[in-house]
Amino acid sequence: MFARLSETQSVSLPPALWWTAVALALAAGLAIPSFTGLDVHLDLSIIFIFGILALSMGFMWGQVGMLSFGQTAFFGLGGYTYAVCSLNFGETTSAMLLAILLPAIFATVLGYFMIYGRISNIYFTVITMVVTIVLEKAIRATSDESFVIGDVWLRGQNGIAGLPDLQVPWDPATTLFVTEVYYLAFVLMMAVYVGYRMLLRHRFGRVLLGIRENERRINLLGYDTRRYKLAIFAISGAVAGLAGGLYAVWGNFVAPEMMNLNSAASVVINVIVGGKATLLGPLIGTGVVQWLTAWLGTAGVGQVNLVLGLVLIGFVMLFPQGILPMAAGLGREALEAARQLFRRRDLAAAALRKETNS
Amino acid sequence: MTPILETRGLVKRFGGVAAIDGVDFRLEPGELRCLIGPNGAGKSTFFKMLTAQYAPTAGQILLDGDDITDEEPSEISRRGVGIKNQVPDVLDGLSVRENIWIAARGRHDTAGADHAVSEILERLNLGPLADRVVGKLSHGHRQWVEFGMVLAINPRLALLDEPTAGMTAEETRRTAELIREMNRSMAIVVVEHDMQFVRTIAHRVTVFDQGRILAEDTMDRIQVHPEVLRIYLGTSGHA
Ligand SMILES: Nc1ncnc2c1ncn2[C@@H]1O[C@H](COP(=O)(O)OP(=O)(O)OP(=O)(O)O)[C@@H](O)[C@H]1O
Ligand SMILES: [Mg+2]
């Protein structure tokens with residue numbers, strides 16, 4: 001079953017209410033660090049970072065109908081760009097900007113060949129998956145000391161550790177520590193969420209929704225859908241790159257695992273668990289899966305991946321639309337049931353009045 | 001006068017079958033033409049070639065004298081060609097309003113699109129359904145939505161493939177009215193099986209048969225054309 005906008009609409013709130021919810025979420029997110037410890041800040045930061053990555057994938061899949069299995073290619077490229085540039089430049093602001101820009105350019109070139117080459121949806125998915133795996137293998141093959149960019153040795157499968165902390169752009173002497181990284185990741189996640197959401201309100205986003213529904217019709221209306229698809233692929237590449245840069249900052253470390261099949265599948269799973277029909281879904285899904293993984297780890301289950309896999313399969317079978325639409329559906333049903341109950345009571349009261357009057 | 005639309009030796013083959021087999025067609029600016037012909041004659045294929053949904057096997061398509069044979073569907077649309085396909089071809093998961101807005105926004109700024117949408121909703125009596133999801137509407141209503149999309153791009157040439165299919169008698173009457181009204185500002189080609197309907201809207205009629213133009217004349221003369229009678233009634237009366 002594919003979720004349609006009818007479901008999306010029923011889950012999304014009217015603008016005023018939505019902005020209020022965003023403001024409340026923002027306030028809550030900014031308040032959390034003051035009554036939690038560093039470990040919580042670290043754990044939540046990584047959820048925000050993976051949430052940004054999941055959004056870049058979930059937006060394209062749920063709203064445009066483009067299933068990119070390889071957003072991790074841009075994620076990894078963003079991470080490695082930050083690593084190589086920050087170590088070479090001894091300066092992190094431009095490194096972070098390049099961690100967004102380079103994946104965007106790469107996505108534009110890759111997307112151009114796929115989209116203007118008129119490959120089918122399934123090949124789009126397969127090619128994006130192959131690209132992330134190829135990049136992973138390529139990085140793995142750089143363990144020889146000759147693989148150097150500037151002064152930085154890529155170190156193959158060992159990854160690059162000891163990356164510099166992010167500097168405040170206008171005050172490079174000050175660097176961000178754990179809690180500041182939390183704030184940064186959180187605010188950027190909210191910004192990406194709001195940004196994608198605003199996109200849907202305007203022509204560009206509406207046309208993307210139209211492409212999901214019926215690409216041929218959108219072309220017949222005079223829009224060159226290839227340009228729209230390429231643009232959103234590039235934007236989502238940039239967003240995934242941003243997540244990669246943040247990941248490098250978060251752990252002061254990058255490794256080829258950022259781009260392997262496992263990571264690529266995780267992104268898709270996060271989106272499926274939360275549901276791709278809404279923009280909140282990928283964020284919720286990332287939080288739930290991340291929390292579940294951590295919990296299984298501490299519960300001493302042993303085969304974490306196996307159990308996680310089974311749980312996820314169960315999830316998908318029980319809630320094919322994802323958690324969020326399911327919850328919204330239950331909420332709607334409860335509301336409707338309550339309404340029915342009251343209506344029946346009103347009717348009964350009215351009948352009673354009528355009887356006593358006559 | 002340069003015809004608004006002209007095809008020269010147009011051919012479309014699907015495997016061995018020639019769905020369109022050498023069609024030379026001319027339409028004058030502002031004309032309203034009906035296209036009739038038995039099932040499988042190639043009418044829908046012809047429309048799809050005119051809008052680049054199918055690439056021709058051979059031949060040329062000219063719009064206002066410009067060769068558009070190799071152009072993209074979006075380019076042809078922006079030149080002012082709108083099409084309503086035979087099967088309702090709408091954005092099923094979006095609301096009526098969104099469907100028409102997306103169409104209108106391609107030709108107007110946001111304010112202009114909003115304005116055009118309310119005008120079209122009114123004109124097509126779709127106001128009460130504006131916020132309904134199109135995929136859940138009846139076949140007839142989805143046809144109206146597609147009409148709305150064609151109106152929203154304000155074409156100079158509208159191609160309407162069986163616009164009254166699935167409509168009630170009253171809706172059919174309104175459609176005829178709408179088409180005549182549209183014809184004041186645009187050329188139109190209508191594919192129709194309903195001869196009564198054809199008679200009420202068109203002056204000239206083109207008859208397709210087996211991918212070719214069999215006849216082209218006024219409705220009165222088409223009705224007594226021996227070849228046309230033969231394909232519609234069958235040679236030995238077993239139709
Ligand atoms: N995509 C396609 N692939 C293969 N054959 C096709 C395709 N589209 C149409 N045809 C064939 O081309 C011929 C013409 O079909 P077309 O749909 O254009 O006829 P039509 O005049 O519109 O008929 P109807 O009145 O039933 O709508 C038919 O023989 C049909 O089977
Ligand atoms: Mg047809």
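First the proteins, then the strands, lettered A, B, ... as listed; each starts at 1. Reckoned from all heavy atoms, side chains included, excluding hydrogens, waters and symmetry mates.
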Discussion item. Need one label for A:R227: side chain, backbone, both or neither, based on atoms under 4.5 Å from any heavy atom in chain B.
Written reply: neither

Worksheet item: Relative to chain B, which segment of A:R206 carries a heavy atom at a distance below 4.5 Å: side chain, backbone, both, or neither?
Response: both

Worksheet item: Any sub-3.5 Å donor-acceptor pair from B:K12's side-chain atoms to B:A55's backbone N or O?
Response: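 The answer is yes, because a donor-acceptor pair under 3.5 Å joins these two groups.
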
Worksheet item: Backbone N or O of B:G30 within a donor-acceptor pair of the B:N183 side chain at under 3.5 Å?
Response: yes

Which one, [options], leads in non-hydrogen pairs under 4.5 Å with chain A?
options: B:M149, B:R105, B:E146; answer: B:R105
options: B:R132, B:R107, B:Q53; answer: B:Q53
options: B:P73, B:P155, B:A113; answer: B:P73
options: B:D89, B:L91, B:I153, B:I102; answer: B:D89

Discussion item. Name the residue from A:F113, A:F233, A:F69 that meets the ring-ring contact (aromatic ring centres under 6.0 Å, His included) definition with A:F124.
Written reply: A:F233

Salt-bridge test for [X] and [Y]: reply yes if a basic N is under 4.0 Å from a carboxylate O, no otherwise.
X: B:R79; Y: B:D64; result: no
X: B:K84; Y: B:E162; result: no
X: A:E215; Y: A:R217; result: no

Item to complete: Name the region of B:V90, side chain, backbone, both or neither, that has any atom closer than 4.5 Å to a heavy atom of chain A.
Response: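 Interface part for B:V90: backbone (N, CA, C, O).
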
